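Below is one structure, written out as structure tokens; comments come after it.
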Amino acid sequence: MTALASTAIVFTLIGLAVVNSSGWPAVRQAFLNGALFRASFADVARAFELNVKMFLVAEVLILAFALGVAVLRSLPGPVFFPIRAIAIVYTDIFRGLPTVLVVYVLALGVPGLQLTGVPKSAVFWAVIGLVLVYSAYVAEVYRAGIESVHPSQESAARSLGLSRLQTLRYVILPQAVRRVVPPLLNDFIGLQKDTALVAFAGPVEAFRQAQIGEAANFNFTPYMCAAVLFLALTIPLTRTTDWLIARDRRRRALGVL
Amino acid sequence: MPPAVAIEGLHKSFGKLDVLRGIDLEVSESEAVCLIGASGSGKSTLLRCINLVEPINAGRIVIHGEDITAPNVDQNRIRRRIGIVFQAFNLFPHMNVLENVTLAPRKALRMRRSDANSRANELLGRFGLADKRDEFPDRLSGGQQQRVAIVRALAMEPDIMLLDEVTSALDPELVGEVLGVVRDLAAGGMTMLIATHEMAFAREIADRVCFLDQGLILEQGPPERIFREPTEPRTQEFLRRIIEAGRM
């Protein structure tokens, strides 16, 4: 109750300060034009479908590809050093590059090569760019999960005669993946937003559509449509993630995990 | 007939630390051999070497006439024949009891699920765990978890069982139920190597007791002789301390 009251007071004060500022009428006209919001929402929402599609496709590819990278990086012994080295170089490079740069270079560059048999769609290469960047992060999340499984689990599985691969598949990975679900979801919240970066390479997704609306009306309100749509997608996932983290913490406190 | 286990000149070190410094040991078919000795004397390491969990530095381990430490031996095939049970149970926490027990028979022996299940059910019933088959390990007591771990190893129908201080992590009131299982196995003629701190138990079920000290088998013989009239001063001292601690 107190929390509710103090929150209401704080936000009322901030609201009053904004609304009474000298520039408010102009800003309101430029960003919060109700009629224009209603008029542009359908267009932006239609374009947002592309964001959702890219997100869903990229997510599946990332989950699979990053798991492969993490497994390769966890291979033991000197024989596998070259494979580990490749995995390390990959994660270092793609975690180090700005996402927008990777998307831009791939989506504009690769189709420009005019290679036969290689897709020329900017959307395709933009999604590949997102997959490469996010997989580098997600592979590290997976790897942390794999390393958090106690070595005695591997001893137990191997001592029963299971092969290294069977041990990984049936004993290590199921436990590892379960533990990293909350951080994985965190990365996917980022991915949902970063689908907007594809706009820089040309495809008309929600942000690009909003830009088109802005240019046609000399008004920023269409961006607000995009903002509302992104929030509608990310907030449920954010809440779910926080809930899962809190649940894990409770379970850990009870000694279940 | 060759002995079930024949160990010759086994050396094992972790970095600069020599844990096993030349172990020679033979175990006959259906023999139960208890390994006793202070913590760090090499009991657990010896068992882990026999199961090939730890690579050895020198020597040979021969199981039923086959040198399992030779290069190019299929280690997975060897491990399927040698069951090991660990102090900390090491059950798979994401699987229920039945899945824990049937995983290796199904995946390593390629048994059909129905066959693996019926073998598991029979073993679980035999050791009083029939009503626990759908439980997850975190819902079981330590004693129940350890009995499941023993059943999990037995489900591979091993020739030899290695027990690594299987009661050390248990509350005192739960020790009995696990020792009961081991007693059953001994009575059934299972070849066993048992590292233990339970001297009364070793005395009761062992055909032979080996005293390990600083990576060597210092003294061995029938339990009555080892416990009543140990000849080595270090064995005498070890047993005196055990008695003083009220553990025998």
Side-chain angles (χ1 to χ4, degrees), chain A residues 63 67 70-71 74-81 141-185 244-245 247-257, chain B residues 44 47-55 74-95 99-111 116 136-139 145-146 148-164 169:
Chain A
L63 281 172
L67 185 59
V71 167
S74 307
L75 291 174
V79 183
F80 293 111
F81 177 75
V141 171
Y142 275 132
R143 196 166 67 93
I146 290 171
E147 285 177 1
S148 77
V149 178
H150 198 271
S152 64
Q153 286 287 307
E154 182 167 5
S155 302
R158 298 301 306 278
S159 77
L160 288 164
L162 293 169
S163 68
R164 178 164 281 158
L165 206 66
Q166 288 172 327
T167 300
L168 193 66
R169 158 122 192 252
Y170 298 110
V171 176
I172 309 293
L173 288 182
Q175 298 184 54
V177 170
R178 231 161 278 210
R179 285 178 205 186
V180 299
V181 165
L184 278 183
L185 291 179
L244 280 174
I245 291 170
R247 194 191 63 175
D248 271 10
R249 193 174 301 139
R250 275 199 305 277
R251 285 192 178 174
R252 235 176 272 274
L254 290 171
V256 176
L257 280 179
Chain B
S44 293
L47 296 185
R48 293 170 68 85
C49 287
I50 297 171
N51 191 254
L52 305 178
V53 181
E54 297 288 353
D74 178 357
Q75 300 200 334
N76 295 330
R77 181 175 59 80
I78 303 298
R79 292 197 186 99
R80 281 172 216 147
R81 296 165 50 202
I82 306 173
I84 186 166
V85 182
F86 302 95
Q87 181 176 343
F89 331 137
N90 301 357
L91 294 180
F92 306 130
H94 60 299
M95 296 181 184
E99 290 163 340
N100 261 281
V101 176
T102 55
L103 177 71
R106 282 177 52 215
K107 302 303 173 189
L109 301 179
R110 309 220 164 277
M111 274 174 81
F136 281 80
D138 59 30
R139 305 266 300 158
Q145 288 190 51
Q146 192 59 295
V148 171
I150 294 173
V151 166
R152 182 174 69 174
L154 289 175
M156 295 296 285
E157 302 198 325
D159 303 333
I160 299 155
M161 284 284 277
L162 310 173
L163 307 182
D164 186 5

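Residue numbering restarts at 1 for every chain, and letters A, B, ... go by the order of the sequence lines. No experiment lies behind these values; they were computed from the predicted model shown. Atom set for the values below is all heavy atoms of this structure, side chains included, hydrogens, waters and symmetry mates excluded.
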ask   = For Arg81(B), does the CZ atom have more than 12 heavy-atom neighbours from other residues, nucleotides or ligands under 6.0 Å away?
value = yes
query = Using non-hydrogen atoms only, which part of Arg77(B) is less than 4.5 Å away from chain A: side chain, backbone, both, or neither?
reply = neither
request  = Measure distances from Leu162(B) to the heavy atoms of chain A and classify the residue's part below 4.5 Å as side chain, backbone, both or neither.
outcome  = neither
query = Would a distance-only check, ignoring hydrogens and angles, find a side-chain to backbone donor-acceptor pair under 3.5 Å from Gln153(A) to Leu91(B)?
reply = yes
message = Let's go through Leu160(A) and Leu103(B) carefully: what are the C-alpha distance in whole Å and the side-chain angles of both, what is the deciding distance for side-chain contact (heavy atoms from CB on, under 4.5 Å) to 0.1 Å, and is it a yes or a no?
response = CA-CA 9 Å; Leu160(A) 288 164; Leu103(B) 177 71; over 6 Å; no
request  = Check each atom of Gln166(A) against the heavy atoms of chain B and say whether the ones under 4.5 Å are side chain, backbone, both or neither.
outcome  = side chain
ask   = For Arg139(B), does the CZ atom sit with more than 12 other heavy atoms under 6.0 Å from it, leaving out its own atoms?
value = no
inquiry  = Please give me the minimum heavy-atom distance between Ala108(B) and Gly161(A), naming the atom from each residue.
reply    = CB-O, 3.6 Å
key: Under 4.5 Å from a heavy atom of chain B, the part of Arg169(A) involved   = neither
task = Mind listing the closest non-hydrogen atom pair of Pro93(B) and Gln175(A) along with its distance?
result = CG-OE1, 3.3 Å
query = So which heavy atom on Leu162(A) is nearest to which on Ala104(B), and how close?
reply = CD2-CA, 4.0 Å
inquiry  = Can you tell me which portion of Ile82(B) sits under 4.5 Å from chain A's heavy atoms? Options are side chain, backbone, both or neither.
reply    = backbone
ask   = Which one of Arg80(B), Met156(B), Lys107(B) has the most heavy-atom pairs closer than 4.5 Å to chain A?
value = Lys107(B)
request  = Before giving the answer on side-chain contact (heavy atoms from CB on, under 4.5 Å), spell out for Ser155(A) and Phe86(B) the whole-Å C-alpha distance, their side-chain angles and the decisive distance to 0.1 Å.
outcome  = CA-CA 10 Å; Ser155(A) 302; Phe86(B) 302 95; 4.3 Å; yes
ask   = How long is the span from the OG atom in Ser163(A) to the CG atom in Asn76(B), to the nearest 0.5 Å?
value = 6.0 Å
key: Value rounded to 0.5 Å, distance of NE2 in His94(B) from CD1 in Ile172(A)   = 8.5 Å
